[in-house]
Amino acid sequence: QVQLVESGGGLVQAGGSLRLSCAASGRTFSSYAMGWFRQAPGKEREFVASINWTGNGKYYADSVKGRFTISRDNAKNTVYLQMNTLKPEDTAVYYCAAKLGYIATREESDFGSWGQGTQVTVSS
């Protein structure tokens, strides 16, 4: 398995930006598709974005499309989530996840390795 550690969360005003990072270790990073999920208080965890191993295949939830950008740097074993024009409804714990295999999906059950999560709070 791959070990994942997220960073970059915090408190930001509505309309602001944050960039989350997820550092991976343990297995060959380029063997994994990567994803970001989030869980708001009282809600189930939901898909945010995913990226395939080359970085040229990306998927986004409709709620973040046009505002969030997922990217990866295989040389640094890191995946990023650039979040712009943040809204209070983006407040959640954000989780990085890894799926063994090259193709990204939107399905939480496809991802076998998870980070501990990083809190993002957007104030109105």
Side-chain angles (χ1 to χ4, degrees):
Q1 282 192 338
V2 62
Q3 288 75 49
L4 306 172
V5 179
E6 303 97 334
S7 61
L11 174 64
V12 64
Q13 288 188 333
S17 298
L18 282 174
R19 188 176 80 154
L20 305 183
S21 299
C22 173
S25 62
R27 292 286 297 270
T28 305
F29 181 66
S30 59
S31 298
Y32 290 83
M34 299 297 295
W36 287 96
F37 294 77
R38 67 186 182 186
Q39 187 168 20
K43 295 187 177 181
E44 294 187 352
R45 189 157 57 186
E46 65 176 4
F47 169 78
V48 175
S50 61
I51 187 168
N52 72 5
W53 74 287
T54 63
N56 63 1
K58 303 177 184 181
Y59 299 98
Y60 295 96
D62 288 344
S63 59
V64 307
K65 200 171 295 182
R67 299 188 298 121
F68 290 12
T69 302
I70 188 170
S71 62
R72 66 189 295 164
D73 185 337
N74 287 345
K76 295 183 177 180
N77 288 359
T78 302
V79 63
Y80 305 96
L81 185 68
Q82 178 66 45
M83 305 186 294
N84 298 329
T85 319
L86 282 160
K87 304 175 181 180
E89 51 263 43
D90 294 319
T91 295
V93 177
Y94 283 71
Y95 296 92
C96 174
K99 170 188 171 291
L100 186 60
Y102 299 140
I103 306 302
T105 68
R106 303 170 181 263
E107 298 298 324
E108 181 176 339
S109 59
D110 289 339
F111 291 80
S113 297
W114 293 82
Q116 294 299 307
T118 186
Q119 177 70 47
V120 171
T121 302
V122 184
S123 63
S124 57

Shared hydrophobic cluster, Leu81 / Val122 (ILVMFWY, side-chain heavy atoms < 4.5 Å): yes
Side chain Gln1, main chain Ser113, donor-acceptor under 3.5 Å: no
Which pair of non-hydrogen atoms, one from Leu11 and one from Ser123, has the smallest distance, and what is that distance? CD1-CB, 4.4 Å
Calculate, to the nearest 0.5 Å, the distance between atoms CD and CD belonging to Gln119 and Gln39 respectively. 10.5 Å
Neighbour count >12 (heavy atoms, 6.0 Å) for atom NZ, Lys58: yes
Presence of salt bridge, Asp62 and Lys65, under 4.0 angstrom: yes
Nearest 0.5 Å, please: how far is CG in Leu20 from OG1 in Thr78? 12.5 Å
Any chance you could measure Phe29, atom CZ, to Asp73, atom CG, to the nearest 0.5 Å? 8.0 Å
Cluster overlap Ile51 with Tyr80, hydrophobic side-chain contacts below 4.5 Å: no
Does Met83 share a hydrophobic cluster with Tyr95, counting links as ILVMFWY side-chain heavy atoms below 4.5 Å and allowing steps through other members? no
Transitively linked via ILVMFWY side-chain contacts under 4.5 Å: Val93 with Phe111? yes
Kindly give the heavy-atom pair with the smallest separation between Val48 and Val64, and that separation in Å. O-CG2, 3.6 Å
For the CG atom of Asn77 and the CE atom of Met34, what is their distance to the nearest 0.5 Å? 9.5 Å
Atom OG of Ser21 and atom CD of Gln82: how far apart are they, to the nearest 0.5 Å? 9.5 Å
Distance-minimising heavy-atom pair for Tyr60 and Phe68: CE2-O, 3.2 Å
Quick one: closest heavy-atom pair of Ala92 and Arg38, and the distance? CB-CB, 3.8 Å
Quick check for you: to the nearest 0.5 Å, what is the distance between Ser30 atom OG and Asn52 atom CG? 11.5 Å
Relative to the ring of Phe37, is the ring of Trp114 parallel (under 30°), tilted (30 to 60°) or perpendicular (over 60°)? tilted
Determine whether Trp36 and Leu100 fall in the same hydrophobic cluster, where Ile, Leu, Val, Met, Phe, Trp and Tyr are linked whenever their side-chain heavy atoms lie under 4.5 Å apart. yes
Which atom of Ser31 lies closest to which atom of Tyr102, heavy atoms considered: CA-CE2, 3.9 Å
